[in-house]
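Worksheet: one structure, shown below.
What you see is a predicted model; the values in this text were computed from it and never measured. Chain A is the first sequence line, chain B the second, and so forth, proteins listed ahead of strands; every chain is numbered from 1.
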Amino acid sequence: MLRRVGGAVGPRSAHEPSAYAERVLEVVAQVPAGRVMTYGDVREWLGESSPRAVGVVLAHHGHDVPWWRVVLADGRPAPVGRERALARLAAEGVPVEDGRVDLAAARWDGRPPA
DNA sequence: AGTATGACGGTTA
DNA sequence: CTAACCGCCATAC
């Protein structure tokens, strides 16, 4: 799992992600390349929270996780950095059509790829 | 401590 | 098919 990237695991900045936020980041970090997940799916994995909360967490602490693999329920990337996300997704081989990910084909069911 | 905001989702019009 | 509204809940101020 992707713990801190800054080296030491000890004391970090004052704005350390809460346990809840880490849980969200954890899930997103597990999404394999070439696959995507919706905010609602992440929420389902967590068993609680709400898609909005997931978005807020990613917006503030998603810098270290493949946030572009988390898309809206309709298959479109989040409004912020949508271009960047589409480029990344396409590069990973995710089926994208007219700015929308083909969820039927790329939606990750949470099962290990291998 | 209370209020406002936001990388959303689903329903209704 | 598109547009608008409400509900949701952690985070920021």
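The side-chain contact (heavy atoms from CB on, under 4.5 Å) test applied to A/Asp74 returns A/Leu72, A/Arg76, not counting sequence neighbours. In this structure A/Thr38 satisfies the side-chain hydrogen bond (donor to acceptor under 3.5 Å, both in side chains) test together with A/Asp41, sequence neighbours excluded. Contacts of A/Arg82 classified as side-chain hydrogen bond (donor to acceptor under 3.5 Å, both in side chains), with partners at least two apart in sequence or in another chain: none. Here A/Asp109 pairs with A/Arg111 under the side-chain hydrogen bond (donor to acceptor under 3.5 Å, both in side chains) rule; sequence neighbours left out. Checked against side-chain contact (heavy atoms from CB on, under 4.5 Å), A/Trp108 has the following partners two or more places apart in sequence or in another chain: A/Gln30, A/Val31, A/Pro32, A/Arg35, A/Met37, A/Trp45.
A 4.5 Å side-chain heavy-atom check between A/Glu22 and A/Glu16 finds at least one atom pair inside the cut-off.
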Could you go through residues 83-96 of chain A and list every donor-acceptor pair under 3.5 Å that involves a side-chain atom there, pairing it with any protein atom two or more places apart or in another chain?
residue, atom, partner, partner atom, Å
A/Glu92, OE1, A/Gly34, N, 3.4
A/Glu92, OE1, A/Arg69, NE, 3.1
A/Glu92, OE2, A/Trp68, NE1, 2.9
A/Glu92, OE2, A/Arg69, NE, 3.2
A/Glu92, OE2, A/Arg69, NH2, 2.9

Using Watson-Crick and G-U wobble pairs with both distances under 3.5 Å, what is the 5'-to-3' dot-bracket string of DNA chain C, with [ ] for crossing pairs and | for pairs outside the strand?
-> .||||||.|||||
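In this structure, the side chain of A/Tyr39 does not engage the main chain of A/Ala53 through any donor-acceptor pair within 3.5 Å.
What separates OH of A/Tyr39 from P of B/dG10 is a distance of 14 Å, to the nearest Å. If you take CD of A/Glu44 and C1' of B/dG10, they are 14 Å apart, rounded to a whole angstrom.
Within residues 89-108 of chain A, no residue places a heavy atom under 4.0 Å from DNA chain B.
Evaluated for a side chain to side chain contact (heavy atoms under 4.5 Å, CB included) with A/Val28, the options A/Val54, A/Val65, A/Val57, A/Asp64 yield exactly one hit, A/Val65.
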Indicate for each nucleotide in nucleotides 3-13 of chain C, in 5' to 3' sequence, whether protein heavy atoms under 4.0 Å reach the base (B), only the sugar-phosphate (S), or nothing (-).
-> ----BBSSSS-
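At the heavy-atom level, A/Leu58 lies under 4.0 Å from base atoms of the strands shown.
With values rounded to the nearest 0.5 angstrom, A/Ser18 atom OG is found 11.5 Å from A/His60 atom NE2.
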